Amino acid sequence: MDDAHLEEDLEDKDTEFTWEVKANDRAYHKQFRKKGFLCWRQKKYKSNAIHTAKYNVFSFLPLNLYEQFRRVSNLYFLFIIILQSIPEISTLPWFTLFAPLVCLLMIRAARDLVDDIGRHRSDRIINNRPCQILKGKSFLWKKWKNLCVGDVVCLSKDNIVPADLLLLASTEPSSLCYLETADIDGETNLKFRQALMVTHHELTSPKKMASFQGIVTCEEPNSRMHHFVGSLEWNSRKYPLDIGNLLLRGCKIRNTDTCYGLVIYAGLDTKIMKNCGKIHLKRTKLDLMMNKLVILIFMSLVIASMFLTLGFAFMVKEFKAKHHYMSSMQGRTDAMDSFFIFWGFLILLSVMVPMAMFIIAEFIYLGNSIFINWDLSMYYEPLDIPAKARSTSLNDHLGQVQYIFSDKTGTLTQNIMTFKKCCINGCTYDSDDEHGTLRKRNPYSWNPFADGKLQFYNKELESLVRGKQDRAVQEFWRLLAICHTVMVQEKDNQLLYQAASPDEEALVAAARNFGYVFLSRTQDTITLVELGEERVYQVLAMMDFNSVRKRMSVLVRNPEGSICLYTKGADTVILERLHHKGVMEATTEEVLALLGVTAIEDKLQDGVPETIRCLKKGNIKMWVLTGDKPETAVNIGFACQLLSENMSILEDKDIKGLLENYWDENEHQRAFQTMTHHNMALVINGEFLDQLLLSLRKEPRALVQNAVVDEATQEPGVSALDFLQARRISQMWRNFGTTMATSQSDASKTRESPEERRERAFVDLASKCQAVICCRVTPKQKALVVALVKKYQQVVTLAIGDGANDVNMIKTADIGVGLAGQEGMQAVQNSDYVLAQFCYLQRLLLVHGRWSYMRICKFLRYFFYKTVASMMAQIWFSLFNGFSAQPLYEGWFLALFNLLYSTLPVLYIGLFEQDVTAEKSLKMPELYTAGQKDELFNYSIFVQAIAHGTITSLINFFVTILVSYDMTKTGSSPDYQSFGVLVAISSLLSITLEVILVVKYWTLLFVGTVVVSLSSYVIFTSLTESLLLFRISPKTFPFLFADYNVIREPSSLLVIVLNVTLNTLPMLAVRIIRRTVLKRHPKKEEEVPSEELTVEPAMRLRRGMPARRSSYAFSHHEGYANLITQGTILRRHTHVDEFYGDTACNSPNPSEEDVPWQHKESIFNPRKISILAKKRRQHYGKGSQGEVHPNASSQTTEKQTAINIDNHETKKLPTTTSAMSGQLQVSSSEDQAFYSALSQYSLASRPERMDVRSSSWKGPLLRDSASSRSSHLEVTTQLHSHTSS
């Protein structure tokens, strides 16, 4: 593990201490300006108002039009409309394109406006939240948006922190302030911040705060959530500041009556807003492809117009000679005529890019979004939350996702710890109440302290507890009630526990329900109620849990005077201390006897393992990006089946070695290429990403120094593990040595910088792994990881999260999904889709996503086909009209063809087409890969659609013209209008029959769309060719009774039938033959190498090995042991200061109930016995303490092994108790404080201690001892090598 800590965003301006904040002086901050856009100078210190919306009243129209005309199709249509406005070259009525373009722009603008109104509404709610600001010598209620840098703010319990504040003082002892960060990172455990002692002692009243003139000098606003460096200058002295003094915006005040803070960063300068990122315009792959196709079609039309113009240039003289009356009217030269003819052809052929396609596509996107909102299978009834599509333009992208980036806490897990089972003295006690039937009858009614929330109940264990006959059971529950740093609060005669970690609270709550109630604590005592009997234990020493020790120990003196050491911790650490080591390796915790094991489940959300398994079958890769430590993330990875026991897990050191050899064209590089075909996973941390994500972060690389591993500080045992890791990698190289010889010497890659080459190598490695877990990553690193994959893989990415720390990742990914729950709404407000549960992601992608992609692809393919099939005849007609750019069809037919005559069947395809049902889509996730590979619409399919349409147009035009030529021999002469009507009707019926054959299912709705479309042609054609409209405007309605004249001729009807038959039967035959051939010769799938990786056993993670995976992983943070032993966390009964009497504010809280803090109960009352406890103590029976079977100890070790290989959803926490004696050896400088406090009691108290070793239930462990000294269980001083950064 690297010792150097690399920050995520090391920019020059962030490391300079140029941010000065002067308390209570707004005028000081208003004078500072910084350079803005061009010559504009903007305020350096921003207000606290936030603006996340894209538009305002003045910028909406220009900015929205700018965004809309970034689409090439809109620019093309605008260009054609400008050409149509020129009379000399206009060949089509102006309204044929202008009206549809305005309609399209209005639809998209309305959609963007609705989305932005939602952002404005959210901003307004947040900016108008109330808070108390110091004005003069009192606190007044103001809005968040009125807050400025340098203001002093008063916050009460359950208030949300409005800005980044420097904590000045609080009503808690030593000015502590407890926070909940669920709205930021989804964690519900409490964290604490502490004010400087100088402000704690001096700022004791609002008057003193009003006169406070301290100056804070710190770093510029940045996105480092867990880092802050600065100093407070006050009264000619400087005091250092760090993140422990800072309250971040979005945190919630807990267990603190009142606190006061100085605004350091406000509004968009706060750390959480710096991590939110900017709103990006998200475009789908099909949308980007359409831009390219529009350019391609436009270039094709330009080329076609040029060739047609050349044809006109060759025939212009002959044309003028035959039609001299036309040329004399114009009076233009041949070159000028050719010039105008070119633009005339370009306008005439502009209908080849159908604007109606883009308009109908908007309705299709909207319809599919509504279907997502209406899906009852994604409705979460407990919270009344349906699925919601907040963006209507990304539905087809849902069918092409290849990478999912997920948060852990609150997304995969519920962050709810439940006590599942336990093993005491070798006996396993599982819950007898799996279905909750007993809990309804309250099985713990005998215990007045039971909270009724414990889901675990075992009748046999309850009888042992109440019988007081089993010493091991008593010590087990006593340990859980003593060995912790939980704080207790009494409210309404009920005990409320608050812990630094939710798992620790679950253990104490379980002991409480079984009668061992943690009641209160002081600096040196802890009070329990054990089955109705109050017992006070003197705390002699306390050593908290941390990521290095992985255990917590408490040394106490019980009421009888005996001294006991209680220890609980990770299974890997505790098991090491149950074996006899050498005398030189003895540590303080050496006489340990195993009491039992607890299994706590960090409950997954419903259906998470099944969802991940199904998505993996659909070739969707899952990456977990979390701020938690590696042990937690890895265990959750196993629990949700993202990881499996047969996976080879590569960590930072392994990856670094692989990346160093990636670009060497030798055996190592070839081995890298082949090894990735096997079952592997990556587990990396934030420090590794800091060194990797250099090209994506705009920062001077000189500031980022390479971390150097300090071998002198490594613990014993690490070198051995590193040796095994090295041997493992070496063996992998030897096994894979000469199997593949590929080269990475592309010209583009050789021009990349070393950092980019390293990034590409990492993404190449990670993309071939089954799973990737990134631990200890910040919100900005999450976004950078997503950007890294997008940059080098060119794939569709989806990010899902529930907290404010996921917002940047959600914005960066192609698709952002926010989980709506109890952790705030920041992720939801910035997401594209909203779900209530992670498991609904399966249906969102595999059903709605695949359907949307399939529908839009089939819609595009058919639309291009029908456009070419009907409009390509314009080109063929130019060959027969002297290249004069004369339109073949009636102008109204051109205007209404794509908008009405052929619209409804296409709209049906885009909204209701299904190839398989939803149930089959979920059962066969392999179908999803079609979207990932762009199989349903690509350049090849586009060319096929164009070719098919061209053939249809050739048949419709030339068969009609050949028949008309024969008809002239019989005496009848079909005119130009009749010929155009024949081709138009043939084209309309041919493409209608094609859509009938393309649709998978014929429903009444589909038949209705076909009937309505053909009927609309009959109705509107009758109107546009009527005598009434002809008399009104002959130029606008020139085709008088043209359709009627054609239909009444039998020969014309036969021509139409012939055209439709020739267009349909050959294509139908081709499709049947193709399907028959594909069934007989199915496509052979590529076989994945199935050879097993034959390496030494160290490669697999097995129980009992030094590198085994610990199941203890749920303690997020170190507890409050240091504060408890110092006494700073505990409230003492002292006279109340004047400051706490007039703290509050002169006006009541408009949103909360105004309760004076003096009348509120103290939070942590030392040695306080509840009134309820005194009244109900007689309910408990008092039994004698008996002994248990002498062979129980040997069963304990056997059961320990069995429990260790339990399922991965649970956490095993071995708990031990021991008597201490003999000399003590200090093995680590980190434990000095604990050992020094312990040594003064170890020998002196030996005669009077509770010698649990002499009990019969400890007998088998010590039966071979020659003396009491040699019989002590000695444990190794080596700590586990897997430590979190």
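Please read all numbers here as calculations on a predicted model, not as lab measurements. In this chain, numbering begins with 1 at the start of the sequence shown.
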Heavy-atom pair with the smallest gap, counting every atom of [X] and [Y]:
X: Thr992; Y: Tyr862; answer: N-OH, 4.1 Å
X: Tyr833; Y: Leu394; answer: OH-C, 3.3 Å
X: Met872; Y: Thr950; answer: CE-OG1, 3.8 Å
X: Glu759; Y: Tyr792; answer: OE1-OH, 2.7 Å
X: Ile991; Y: Ala869; answer: CG2-CB, 4.0 Å
X: Asn291; Y: Ser73; answer: OD1-N, 4.2 Å

Test: [X] and [Y] ion pair at under 4.0 Å:
X: Asp115; Y: Arg111; result: no
X: Arg71; Y: Asp287; result: yes
X: Asp396; Y: Arg855; result: no
X: Arg1071; Y: Glu994; result: yes
X: Lys1000; Y: Glu913; result: no
X: Glu362; Y: Arg108; result: yes
X: Glu756; Y: Lys791; result: yes
X: Lys285; Y: Asp934; result: yes

**OP:** Kindly say whether Leu288 contributes a backbone atom to a donor-acceptor pair with the side chain of Arg283 at under 3.5 angstrom?
**Re:** no
Original post:
Is the distance between the ring centroids of Tyr908 and Phe912 less than 6.0 Å?
Top reply: yes
Original post:
For atom CD of Glu381, is the number of surrounding heavy atoms from other residues, nucleotides or ligands below 6.0 Å larger than 12?
Top reply: no
Original post:
Between Tyr403 and Phe405, what is the ring plane arrangement, given parallel below 30°, perpendicular above 60°, and tilted in between?
Top reply: parallel
Subject >> Six-ring centre of Phe863, Lys866 cation under 6.0 angstrom, axis tolerance 45° >> reply: yes
